[in-house]
Amino acid sequence: MSRLLIVAEHGAGNLNASVAKTLACALELKPAELDVVLFSADGAEAACQQAAALTGVSRVLSVARPENGAPMGAVLAPQVAAMAADYDYVFGPSTTFGKDLMPSVAALAGVPMVTDIMGVEDGRTFVRPTYAGNAVDKVRVPDGLVVATVRAASYKAVGGGGSAPVEALELDIELPTHSRFVEIRAGSSDRPDLQSATKVVSGGRGLGSAENFQVIYSLADKLGAGVGASRAAVDSGFVPNEMQVGQTGKIIAPDLYIAVGISGAIQHLAGIKDAGTIVAINKDPEAPIFEVADIGLVGDLFKLLPEIEAAL
Amino acid sequence: MKVLVCVKRVVDYNVRIRVKPDGGGVVTDGVKMAMNPFDEIAVEEALRMREAGHVSEVVAVTIGDKKSQEQLRTALAMGADRAIWVEHEEAIQPLGVARVLKALAEREQPGLVLLGKQAIDDDCGQTAQMLAALWQRPQATYASEVVISGETVRVTREVDAGLEVIDVDLPAVISTDLRLNEPRYVKLPDIMKAKRKPMDSYTLPDLGVELPPLVERLETTPPPARTGGFKVESVEELVATLKEKGLV
C-alpha cells in the first residue's frame with residue numbers, strides 16, 4: 001500500500017482551494033496513508049484545521065520555521081525532498097506555488113516529474129495536457145518516487161467533515177539563504193477568487209477601456225462571481241495580469257462562465273475548456289467564441305449587460 | 001558577468017496542432033518550427049542586460065539534433081555573442097536538460113541563467129527550477145521585471161495572487177514570463193552576421209552527463225471537443241435558460 005504526501009498552499013489564514021482538488025486526484029490512487037504538509041513561520045493553525053477537515057486526509061503535518069514565512073520554492077524544496085523519502089507520491093497543486101516548487105523537489109529527489117495531472121489511469125500512468133491543451137498525453141512514470149502537480153481545474157474539491165490529527169514536524173536541515181522574500185503586491189478585491197469561484201464573468205477587447213470594465217464588475221457583483229479577462233484586455237491595459245484567463249494566464253473551471261466582448265482566441269479557450277456552462281455575449285455573430293459557447297447572445301454588450309443585471 | 005540563455009526548438013506558436021491518428025504524438029513533419037516564445041523573451045532580456053552594461057557576454061545554449069542549430073542562429077541574429085550546441089538526437093526531458101545545463105553552468109560560470117518559464121510543446125515548466133535545485137542556486141520563476149544591483153537581483157514574479165517581489169543572490173536562475181519584454185525583430189544583415197559567430201558543440205559524454213529514465217509517452221489523443229450550444233434571441237431568454245439550469 002502506498003503513502004502519499006500533498007504539499008498544501010495556504011495564505012492569510014486560509015487553505016488554498018486547490019488543495020481539496022489535489023486531494024480528489026490523490027484519492028484516485030487509493031493511498032493507504034495520505035498526509036498533507038503545510039509550511040509556515042507560525043504553525044498556520046487555522047489552515048491546518050481546514051486541511052484536517054478534508055475527506056481522506058490521514059494526518060496534517062505542520063512545519064513551522066521562520067524561513068517558511070513566505071512560500072519560496074528554493075527554501076521549501078529541500079524540506080519537501082527530505083520528507084519525500086517516506087512517501088511513494090508527492091503531489092502539489094498546479095498553482096504558481098506548486099508549479100514553482102515541485103520541479104525542484106523532483107530534481108533534489110533525482111526523479112522526473114509529471115506536470116498537470118488531469119487523470120489517473122493506474123498507479124504509474126497519468127493523463128496530462130500538452131500544447132496548451134490541444135493534445136492530451138497518457139504517460140507512464142519510471143520506478144521510484146512520483147512527483148507531480150495536479151491540474152486543479154480537472155477535479156472537483158473533496159468535501160469536509162473529516163478530523164485528521166494535526167502534528168508538528170521538525171525538519172533539522174540547513175536551508176539556503178540566497179533567496180529573500182520582499183513583498184507581494186496583490187490586487188485587493190472582495191470578489192471571489194478567480195480560480196475557485198463557481199461563477200466567473202470575463203471581459204475582452206470589446207470592453208474598449210478600463211472604465212468600461214465597470215459593467216463587468218457590476219454584473220459579477222450581482223451574480224457573486226469572480227472577474228476575469230482575456231489576454232487582449234490585459235495587453236490593452238484595461239485590467240491587471242492576475243485577471244488573465246487562458247493558456248498564458250489562469251486555467252479555470254467554474255460552473256458558469258460568461259465571456260463578454262471576447263472573440264475566443266485559441267489561447268483564451270485553453271483556459272476555460274473545463275467550465276460547466278459557457279455563455280458568450282458578442283456583437284459579432286461569427287466570433288469563434290460561439291463555436292464553444294453553450295449559450296450565445298449576439299448584441300451590444302453595453303446595452304445587454306445592464307438588461308441582464310436588471311432581469312436577475 | 002556572463003549570461004547563459006537556454007532556447008528550445010518547438011512547433012511555431014501560430015501553427016494549429018494536429019494529433020497523429022495513430023496516437024503517436026502531434027504532427028511535426030513539414031510543420032514550421034521556431035524558438036519557444038518564452039525563450040525568445042529570455043534572449044531579449046539577456047541582450048538588454050548587456051546593453052545596460054550589466055552583462056559582458058550572452059551565450060545561447062540548446063540541446064537537440066542538427067536542426068536545433070537554427071534556433072541558436074536565431075539567438076545569435078538577435079544579438080547573442082556565441083552559442084553552444086549540445087548534440088543529442090533522442091528524446092530528452094526537463095530533468096535531463098537540467099543536468100546538461102548544470103554541467104554547462106559549472107564549465108561557463110555564468111552570473112545568470114535565463115530560460116523561458118515553460119516550453120509551449122510539452123508545457124512542463126520544470127527545467128529552470130530543476131537546474132536551480134541541482135546547481136544549488138536561487139530560482140526566480142515567472143519573472144516580469146528583473147533589476148540587477150551589484151551581487152543581487154530583484155525579480156518581480158507573476159504569481160496567482162498578483163506580483164511577488166524577491167531578492168536573489170547571483171549566480172541565479174531566472175525563468176521568464178510573457179510580460180517581461182517584447183523581443184526585437186531580427187534584421188537581415190544580422191542573420192548574415194550571425195553565420196560568422198562562434199558555435200561550440202558538445203556531446204553528453206563530453207559533459208559527463210548521464211540522462212535519467214524518461215517519463216514514457218504511451219499515447220497522444222486530441223482533447224474532447226466542446227460542441228457549441230445554441231444562440232438565444234433576447235436577454236429574457238438568456239436569463240430564463242440560466243435559471244432553468246439552476247446557474248443563477
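Naming: A, B, ... by sequence-line order, numbering from 1 per chain.
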key: Over all atoms of both residues, closest heavy-atom pair of H178(A) and P138(B)   = ND1-CG, 3.3 Å
request  = Examine whether an atom of P176(A) lies under 4.5 Å from a heavy atom of chain B, and if so say whether it belongs to the side chain, the backbone or both; otherwise answer neither.
outcome  = neither
note = Taking a cut-off of under 4.5 angstrom between non-hydrogen atoms, the residues of residues 16-30 of chain B near chain A are R16(B), I17(B), V19(B), V26(B)
query = A77(A) versus chain B, heavy atoms under 4.5 Å apart: side chain, backbone, both or neither?
reply = neither
remark   = Max heavy-atom pairs within cutoff under 4.5 Å with chain A, candidates T156(B), V159(B), L242(B), goes to V159(B)
key: Under 4.5 Å from any heavy atom of chain B - which part of L305(A)   = neither
ask   = Side-chain donor-acceptor pair under 3.5 Å between Q126(B) and T115(A), yes or no?
value = yes
Max heavy-atom pair count under 4.5 Å with chain B, selected residue of M243(A), M72(A), R128(A) = R128(A)
ask   = More than 12 heavy atoms of other residues, nucleotides or ligands under 6.0 Å from OH of Y13(B): is that the case?
value = no
Portion of Q118(B) that has a non-hydrogen atom of chain A nearer than 4.5 angstrom = neither
note = The interface call for P129(A) against chain B, heavy-atom contacts under 4.5 Å, is backbone
task = Could you look at P212(B) and say if it's the side chain, the backbone, both or neither that has a heavy atom under 4.5 Å from chain A?
result = neither
Residue I289(A) versus chain B: region with a heavy atom under 4.5 Å = neither
ask   = Any donor-acceptor pair under 3.5 Å linking the side chain of Q129(B) with the backbone of K99(A)?
value = yes
Between A107(A), G299(A), P103(A), the one whose heavy-atom pairs under 4.5 Å with chain B are most numerous = P103(A)
key: Minimum-distance pair of heavy atoms, taken over all atoms of G133(A) and P223(B)   = O-CG, 3.1 Å
query = So do E216(B) and V139(A) actually touch side chain to side chain, heavy atoms under 4.5 Å?
reply = no
task = Can you tell which part of T127(B) gets under 4.5 Å to a heavy atom of chain A, answering side chain, backbone, both or neither?
result = neither
task = Measure distances from L131(B) to the heavy atoms of chain A and classify the residue's part below 4.5 Å as side chain, backbone, both or neither.
result = neither
task = Tell me, out of D160(B), L134(B), L218(B), who's got the most heavy-atom pairs with chain A below 4.5 Å.
result = D160(B)
remark   = Turns out that what part of Y142(B) lies under 4.5 Å from chain A's heavy atoms comes down to side chain
inquiry  = Please give me the minimum heavy-atom distance between V111(A) and M130(B), naming the atom from each residue.
reply    = O-CE, 4.2 Å
task = With a 4.5 Å cut-off on heavy-atom pairs, point out which of E233(B), R154(B), Q93(B), K243(B) contacts chain A the most.
result = R154(B)
query = Who wins among V235(B), V165(B), I166(B) for the most heavy-atom pairs under 4.5 Å with chain A?
reply = V165(B)
ask   = Roughly how far, to the nearest 0.5 Å, is the NZ atom of K231(B) from the CG atom of L297(A)?
value = 10.0 Å
key: Heavy-atom contact with chain B under 4.5 Å, split by part of T125(A)   = side chain
inquiry  = I need the minimum non-hydrogen distance between A133(B) and S104(A), along with the two atoms involved.
reply    = CB-O, 3.7 Å
remark   = Of all heavy-atom pairs linking K199(A) and L247(B), the shortest is CE-O, 3.2 Å
message = Salt bridge or not between R157(B) and D100(A)? Use side-chain N to carboxylate O under 4.0 Å.
response = yes
ask   = So which of T198(A), N241(A), V127(A) has the biggest tally of heavy-atom pairs under 4.5 Å with chain B?
value = N241(A)
inquiry  = Quick check on the interface: out of G11(A), A81(A), A275(A), A225(A), who has the most heavy-atom pairs with chain B under 4.5 Å?
reply    = A275(A)
note = Heavy-atom closest pair (K245(B) atom, T277(A) atom, distance to 0.1 Å) is NZ-OG1, 3.8 Å
key: Engaged part of S234(B) at the chain A interface, taking heavy atoms whose separation is under 4.5 Å   = backbone
ask   = Around E106(B), counting heavy atoms of other residues, nucleotides and ligands shown, do more than 12 lie under 6.0 Å from its CD?
value = yes
key: Region of Q267(A) that comes under 4.5 Å of a non-hydrogen atom in chain B   = neither
note = Honestly, the part of E307(A) sitting under 4.5 Å from a heavy atom of chain B is both
request  = Identify which part of M102(A) has an atom lying under 4.5 Å from any heavy atom of chain B, answering side chain, backbone, both or neither.
outcome  = neither
request  = Would you check, one step at a time, whether the test salt bridge (Lys or Arg N to Asp or Glu O under 4.0 Å) holds for R180(A) with D169(B)?
outcome  = CA-CA 9 Å; R180(A) 294 166 297 277; D169(B) 296 336; 2.7 Å; yes
inquiry  = Please identify, among L238(B), V232(B), V248(B), the residue contributing the most non-hydrogen atom pairs under 4.5 Å to chain A.
reply    = V232(B)
query = Which bit of L223(A) comes within less than 4.5 Å of chain B, counting heavy atoms only: side chain, backbone, both or neither?
reply = side chain
task = Select, from L95(B), T221(B), V168(B), L170(B), the one with the greatest count of heavy-atom pairs under 4.5 Å involving chain A.
result = T221(B)
remark   = Greatest number of non-hydrogen atom pairs under 4.5 angstrom with chain B, of V141(A), V292(A), N16(A), falls to V292(A)
task = Consider only side-chain N and O atoms of D123(B) and T130(A), and report whether a donor and an acceptor are under 3.5 Å apart.
result = no
key: Side chain / backbone / both / neither for R231(A) at chain B, heavy atoms under 4.5 Å   = side chain
message = Y131(A) and side chain to side chain contact (heavy atoms under 4.5 Å, CB included): which single residue from I120(B), T220(B), V11(B) fits?
response = V11(B)
message = At a 4.5 Å cut-off on heavy atoms, which part of T241(B) comes close to chain A: side chain, backbone, both, or neither?
response = side chain
query = Short question: side chain of K138(A), backbone of R217(B) - any donor-acceptor pair under 3.5 Å?
reply = no
message = Which one wins on heavy-atom pair count under 4.5 Å against chain B: D193(A), I184(A), V136(A)?
response = V136(A)
